[in-house]
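Note sheet for the following structure.
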There are 2 protein chains.
Amino acid sequence: MSAIAKRRERERAQRHQLIITAARELAEAEGWEAVTTRRLAERVEYSQPVLYSHFDGKEAILRAVAVEGFGELAARLRRARLATPEPPQALHAVCRAYLEFATEQPALYQAMFVLPTDVKFAHAETPPPLRAAFDEFVSCFPSDSPRRELFAEVTWSALHGMAALSDSGRIPPNGQTERLDFLVAQIAGTSSGPAAL
Amino acid sequence: MSAIAKRRERERAQRHQLIITAARELAEAEGWEAVTTRRLAERVEYSQPVLYSHFDGKEAILRAVAVEGFGELAARLRRARLATPEPPQALHAVCRAYLEFATEQPALYQAMFVLPTDVKFAHAETPPPLRAAFDEFVSCFPSDSPRRELFAEVTWSALHGMAALSDSGRIPPNGQTERLDFLVAQIAGTSSGPAAL
DNA sequence: GCAGCATCATAGCAATGCTAGACATTGTGT
DNA sequence: ACACAATGTCTAGCATTGCTATGATGCTGC
């Protein structure tokens, strides 16, 4: 490949990322309903068709934003878990990190977990960052338990419920920490469950 | 008011309900993105402007569908709770009823809890059926506990997470009953929580 | 039976996602 | 160095969306 072709590819990749970032920022600033192809094109200082040379449509842009978010979420959960090696506190830290992520970047969180998507979860073509994020929850439970995945699913579901209902104004956003504390206490602390965590 | 005026009001109320039902059925059959004002108008065999003489816009129709759903959900949860008087089983029954409601009528559930809405939750102008549904969860916990509302919030959040993630294909729909069993076991069965439920 | 009014539909607006074609600008071969 | 090809970009437009102003229709009340 010639040098100029490489340069063009670089520029193209840059623009690709620029579009994703612009969509994300615009959504975070004014909500996803404000992210139209025209406004997005104006923001990246190109015309609309350029968007379609990079993505298969608005849906695909959304997917790209979501996948980027999966990577960041996985990294964040991992950091939280490794920073607190004691298992019970680790679970608590990971859950808190999850909720912080959701509240600090609500639009990104919506793209990942609320808006309709074609991204495959728990599937062969699942984006690795997504699987990695989920595995952080799994890692909070004893490795000898055959029901680790179940525990992780329920924990994740509960957190998602809290995040989603809070963000959409369906439960008061204030009580989040109390709810979090209660949740992990219940998940971590009973003999019928992941005992002696 | 004259008799004919009464008749017209009756017809008007009928049409009002007809629109709500049509929107709900159409959404249940093809998803909310297929519910356009034109298709809805065609389905009720009126022209579009008629919709706007009944509702302030598409959003308002959605709200009406959601409120109708709140009533049905509250009734369903109530039946489930009263059918099983023992407290621990009652919680389990109510939670199962909630998940069944969500899976049997996914579009209705979305209108109530996923789609953006202006409906006020935990507020003065909260629709009574919604408050009633939430109270069914509260009633599953001992009346002397000052943290009943917290327990109910977390339980509801967890259930919503399971329902939402399952419906959008983000967790496999199969394990729902196992997740449900685990969840209520954890919520109901620890000394740090609603002990001896 | 006729004036007046409420009711409804036709037609149209701005904005949306998306695409076809013209237009440059850039790179290539002689 | 110059004409030609190819790549990339924009202008203009289509169909569809939510919503509304205007005009036709039919019923009500005198």
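Nothing here was measured: the structure is a model prediction, and the numbers come from that model. Every chain is numbered from 1 and lettered A, B, ... according to where its sequence line falls, protein lines coming before strand lines.
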Check this for me: does any side-chain nitrogen of one of [X] and [Y] sit under 4.0 Å from a carboxylate oxygen of the other?
X        : Y        : value
B/Glu104 : B/Arg76  : yes
B/Lys120 : B/Glu125 : no
B/Glu149 : B/Arg131 : yes
A/Arg24  : A/Glu72  : yes

Tell me which residues in residues 50-58 of chain A lie within less than 4.0 Å of DNA chain D, going by non-hydrogen atoms.
A/Val50
Of all of residues 13-45 of chain A, which get a heavy atom below 4.0 angstrom from DNA chain D, listed by number?
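Heavy-atom contacts with DNA chain D come from A/Arg15, A/Arg38.
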Verify whether the ring centers belonging to A/His160 and A/Tyr98 lie closer than 6.0 Å.
no
Kindly say whether, by distance alone, the side chain of B/Gln48 makes a donor-acceptor pair under 3.5 Å with the base of D/dC19?
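It does, because a donor-acceptor pair links the side chain of B/Gln48 to the base of D/dC19 below 3.5 Å.
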Sequence-distant partners of B/Glu28, salt bridge (charged side-chain N to carboxylate O under 4.0 Å, His left out), two or more places apart
none
Stepwise side-chain hydrogen bond (donor to acceptor under 3.5 Å, both in side chains) test for B/Arg147 and B/Ser145
CA-CA 5 Å; B/Arg147 304 208 294 168; B/Ser145 169; 5.7 Å; no
Donor-acceptor contact present, side-chain A/Ser53 to main-chain A/Val50, <3.5 Å:
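Yes; judged by distance alone, with no hydrogens or angles, the pair exists.
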